[in-house]
Number of protein chains: 2
Amino acid sequence: MERPSSIFNHMVELTQDPLDTVFHALGDATRRHMLRNLTEGERTVSQLAAPFDMSLAAASKHIKVLESAGLIRREVRGRTHWCFLEPGPLASAQEWLNYYEHYWSDRLDVLEHLLREEDAGRASASKKPPKSNKGDET
Amino acid sequence: MERPSSIFNHMVELTQDPLDTVFHALGDATRRHMLRNLTEGERTVSQLAAPFDMSLAAASKHIKVLESAGLIRREVRGRTHWCFLEPGPLASAQEWLNYYEHYWSDRLDVLEHLLREEDAGRASASKKPPKSNKGDET
DNA sequence: AAATTATTAAACTAGATGGTTGACCATGGA
DNA sequence: TCCATGGTCAACCATCTAGTTTAATAATTT
């Protein structure tokens with residue numbers, strides 16, 4: 001449940017697997033909404049906060065969560081803070097998910113296959129034995 | 001922050017955006033590890049728990065989180081519970097992330113472009129104006 | 001029938017989350 | 001210089017989280 005620090009300690013959480021913080025940040029509709037908003041261009045904190053029925057301070061916290069997950073970057077110009085999407089971590093989250101993509105397409109294929117089989121002859125109710133065991137990494 | 005119930009109330013969380021629960025479930029290295037493990041085939045609760053330095057009860061809770069996020073399914077055979085990957089929600093998480101894919105490739109392109117530019121003439125430090133505004137959906 | 005195994009349940013704890021409010025601190029405009 | 005604006009910070013609160021330990025339940029084994 002720990003993770004040694006890396007050379008990459010640029011204001012961005014340590015001690016935790018980066019995927020922990022990224023996925024956690026994504027686990028909130030408000031924050032996802034903010035990210036979506038940021039795809040359309042840079043936004044100030046108040047602009048990001050505006051759509052939500054919560055105090056500015058609360059929104060500010062959400063933004064900080066996104067920031068420390070590395071999902072956004074902030075640039076202070078005068079008294080206003082401008083936020084930008086920082087897509088790298090999203091890419092890494094997607095990479096993680098990509099691992100499963102083949103798997104679920106396979107599953108859907110298998111399902112489709114089984115259905116077709118059932119549809120055709122209604123003969124074998126096979127139990128689909130799982131693949132073998134192997135090492136893992138997270 | 002609420003979500004009306006749907007026709008789809010099959011033991012799987014309501015009141016929350018499904019993405020909330022899915023991303024939340026993914027926001028923990030233990031649970032991601034378990035999922036990874038399940039790609040290699042069905043596993044019992046104890047098998048899933050084995051690699052981790054925590055009580056079986058704790059692992060059992062993690063499994064329940066995965067289950068109620070719809071990420072796994074459970075089949076009770078005798079006294080042992082077998083778990084299977086249920087890839088649908090992973091697909092939906094990936095779908096959500098896919099929205100950003102073009103964006104970050106664009107960004108990386110832009111970055112690459114800027115670097116090349118800087119490398120070449122060191123002339124323009126343009127501010128890259130954002131795209132226009134538009135409606136959103138989470 | 002008794003003991004063992006597989007798993008959940010319940011009660012508890014420490015710490016994180018997500019929200020509030022009110023004070024604070026720059027910056028920018030009058 | 002004064003005041004409004006943009007934002008953070010600190011304290012507080014309710015709820016959730018992730019873990020613990022000690023039962024309890026249910027299905028095998030002996």
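All chains are named by letter (A, B, ...) in the order of the sequence lines, taking the proteins before the strands, and each is independently numbered beginning at 1.
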query: Between A/L26 (CG) and C/dG18 (P), how many Å, whole number?
result: 12 Å
task: May I have the distance from A/Q47 (atom CD) to D/dT5 (atom P), rounded to whole angstrom?
output: 16 Å
Check: B/S60 side chain, B/L56 main-chain N or O, donor-acceptor pair, under 3.5 Å: no
- request: Please report, rounded to the nearest Å, how far the C1' atom of C/dT21 is from the CG atom of A/L56.
  value: 13 Å
Spacing of B/F52 atom CZ relative to D/dT20 atom P, expressed in whole Å: 13 Å
- request: Report the distance from atom NE2 of A/H81 to atom P of C/dG28, rounded to the nearest whole Å.
  value: 11 Å
field: Given DNA chain C, 5'-ward residue of the pair A/H24 and A/A59, judged by closest heavy atom
entry: A/H24
- prompt: Looking at the side chain of A/S55, which of C/dT21, D/dC9, D/dG19 is the nearest nucleotide?
  reply: C/dT21
task: Assign B/K61 to base, sugar-phosphate, or nothing according to its heavy-atom contacts below 4.0 angstrom with the strands shown.
output: base
task: Go through the structure and list residues passing side-chain hydrogen bond (donor to acceptor under 3.5 Å, both in side chains) with A/H81, not counting sequence neighbours.
output: A/R74
- prompt: Rounded to whole angstrom units, what separation is found between the CG atom of B/D53 and the C1' atom of D/dG19?
  reply: 11 Å
task: Could you check how far CD of A/E75 sits from P of C/dT27, rounded to whole Å?
output: 15 Å
query: Do you know which two heavy atoms are closest between B/T39 and A/Y99, and how far apart they sit?
result: OG1-CE2, 4.0 Å
Considering all heavy atoms, the nearest A/L19-A/W96 contact: CD1-CD1, 3.4 Å
query: Less than 4.0 Å between a side-chain N and a carboxylate O, is that true for A/R77 and A/E42?
result: yes
message: In this structure, how many angstroms lie between the C1' atom of D/dC16 and the CG atom of A/D28, rounded?
response: 13 Å
field: Residue pair A/P89 / A/A69: nearest heavy atoms and the distance that separates them
entry: CG-O, 3.9 Å
query: When you check every protein heavy atom under 4.0 Å of nucleotides 22-30 of chain D, what one-letter string (B, S, -) results, 5' to 3'?
result: -----BS--
